[in-house]
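Note that the structure is predicted; figures quoted are calculated from it, not measured.
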Amino acid sequence: MIRDIFILIMFFAYGICIGSFLNVVIYRLPLNLPVHKGRSFCPKCKTTLKAVDLVPVFSFIFLKGKCRYCKDPISWRYPFFELLTGVMFVLCYLVYGLSFYTLLGCALMCVLICMAMIDFDTFMVYDFWHFIIIAIAVLMHLTYPATEPTLTILDRIIGAVSVGGILLVLLLITHGVGGGDVCLMAAMGLILGWKNNIFAFFLAYILATIVMLYPIITKKAKSKTPVPMIPFFAISCAIAFLFGNRIIDFYFSLF
């Protein structure tokens, strides 16, 4: 019991620390700033931050959400994504146990968070993310947990081709989706397999419809207003990776 609690705390602690780095990636990558070197600084006053200013979550609380130097408000996104990453790490451990597969799942969550927020901010999707996901998929296939339903290479290929193919057709015919959406869901098919990837595909559009329904009804947005879909695909893929098999099994048990 104590061991399990300790492991949970460690996954959460590592998660919020890595989440702090993800905030750097999300901020710097679209600005073409190096993410692997250079001290963190306040976006407003450009003052280089000290270590005490960079403690994940806690610095935000102790500083009362304001920069120590210029008193400009610190975006709520910083602690939110630190906490989110910590929670996702914990969920990966709870679902898949203490294993290399779990660490790969944590890496996948990091990629999805970065992709989602950069697309949300800039409508940009970097191709190298897809190659990282494919690399994770290969490693996951080699370390797939015996406790999960068998997922064959064919399942993964069908998952990539089916959903990726649907989105590619939509892209060519309607231009209503982006090339990044196609590549993401094709790459995720190699991880999720066809059942979970199809589930993730439909869930993403359900979430997007729910979120956009109010702005459209209130005329704050039009039906043709561009919507960054990567955040919705990222959420649905994370849910499918963690709980997809259980949700699908529960759904079919109702009939």
Side-chain angles (χ1 to χ4, degrees), residues 2-31 35-36 39-44 49-68 71-99 101-122 129 132-133 136 184 188 200 203-204 207-208 210-211 228 230-244 246-247:
I2 296 178
R3 173 181 175 274
D4 293 336
I5 294 175
F6 175 76
I7 294 175
L8 283 173
I9 293 174
M10 292 304 296
F11 266 91
F12 181 75
Y14 279 120
I16 61 175
C17 290
I18 293 177
S20 180
F21 174 70
L22 298 186
N23 280 323
V24 174
V25 174
I26 292 167
Y27 175 77
R28 293 190 181 187
L29 202 59
L31 298 176
V35 299
H36 60 285
R39 297 284 299 277
S40 295
F41 56 87
C42 171
K44 180 69 174 183
L49 302 178
K50 299 178 181 179
V52 70
D53 303 318
L54 299 172
V55 180
V57 181
F58 294 102
S59 288
F60 181 86
I61 296 173
F62 293 146
L63 294 172
K64 298 180 180 180
K66 295 182 179 180
C67 172
R68 182 190 301 274
K71 306 305 179 183
D72 195 61
I74 301 172
S75 173
W76 60 268
R77 285 173 37 163
Y78 292 106
F80 175 78
F81 286 109
E82 289 166 355
L83 288 170
L84 176 63
T85 309
V87 170
M88 298 311 292
F89 276 33
V90 168
L91 289 176
C92 285
Y93 165 69
L94 291 175
V95 173
Y96 293 108
L98 188 60
S99 64
Y101 191 87
T102 297
L103 297 181
L104 293 172
C106 292
L108 176 64
M109 296 301 118
C110 292
V111 172
L112 292 177
I113 289 172
C114 288
M115 291 186 70
M117 287 315 302
I118 291 175
D119 184 54
F120 179 81
D121 290 337
T122 67
W129 294 124
I132 294 175
I133 293 175
I136 292 174
L184 171 61
M188 284 303 304
L203 179 60
L207 294 174
I210 293 173
V211 170
I230 295 295
F232 298 107
F233 283 130
I235 293 170
S236 66
C237 285
I239 292 173
F241 175 76
L242 293 168
F243 310 112
R246 295 162 181 80
I247 294 173

Side chain to side chain contact (heavy atoms under 4.5 Å, CB included) evaluation trace for L8 with Y93: CA-CA 8 Å; L8 283 173; Y93 165 69; 3.5 Å; yes

Identify the heavy atoms of [X] and [Y] that sit nearest to each other, and give their distance.
X: S236; Y: A200; result: OG-O, 2.9 Å
X: I136; Y: L104; result: CG2-O, 4.0 Å
X: F120; Y: P231; result: CB-CG, 4.0 Å
X: E82; Y: G19; result: CG-C, 3.8 Å
X: A204; Y: F233; result: CB-CD2, 3.4 Å
X: C92; Y: M109; result: SG-CG, 3.9 Å

Looking at [atom1] of [X] and [atom2] of [Y], how far apart are the two atoms once the value is rounded to the nearest 0.5 Å?
X: N23; Y: L54; atom1: CG; atom2: CG; value: 11.0 Å
X: Y27; Y: M117; atom1: OH; atom2: CE; value: 14.5 Å
X: M115; Y: L184; atom1: CE; atom2: CG; value: 4.5 Å
X: C42; Y: R68; atom1: SG; atom2: CZ; value: 12.0 Å
X: L108; Y: C237; atom1: CG; atom2: SG; value: 8.0 Å
X: I133; Y: W129; atom1: CD1; atom2: CH2; value: 9.0 Å

Residue pair F232, L203: steps toward the side chain to side chain contact (heavy atoms under 4.5 Å, CB included) verdict: CA-CA 8 Å; F232 298 107; L203 179 60; over 6 Å; no

Please examine the side chains of [Y] and [X], heavy atoms only from C-beta on, and report whether any two atoms are closer than 4.5 Å.
X: P30; Y: I118; answer: yes
X: F89; Y: I18; answer: yes
X: I5; Y: I9; answer: yes
X: I235; Y: L112; answer: no
X: F62; Y: V52; answer: no
X: R77; Y: L84; answer: no

Test side chain to side chain contact (heavy atoms under 4.5 Å, CB included) applied to C106 and Y96, step by step: CA-CA 11 Å; C106 292; Y96 293 108; over 6 Å; no

Judged by atom type as modelled, is there a donor-acceptor pair below 3.5 Å linking the side chain of [X] to the main-chain atoms of [Y]?
X: D53; Y: K50; answer: yes
X: T122; Y: D119; answer: no
X: S75; Y: Y78; answer: no

Residue Y14 excluded, over 12 heavy atoms near OH under 6.0 Å: no

F41, CZ: over 12 other non-hydrogen atoms inside 6.0 angstrom: yes

Qualifying salt bridge (Lys or Arg N to Asp or Glu O under 4.0 Å) pairs, either residue in residues 5-21, two or more places apart: none

Evaluation steps, side chain to side chain contact (heavy atoms under 4.5 Å, CB included), between L98 and F11: CA-CA 10 Å; L98 188 60; F11 266 91; 3.8 Å; yes

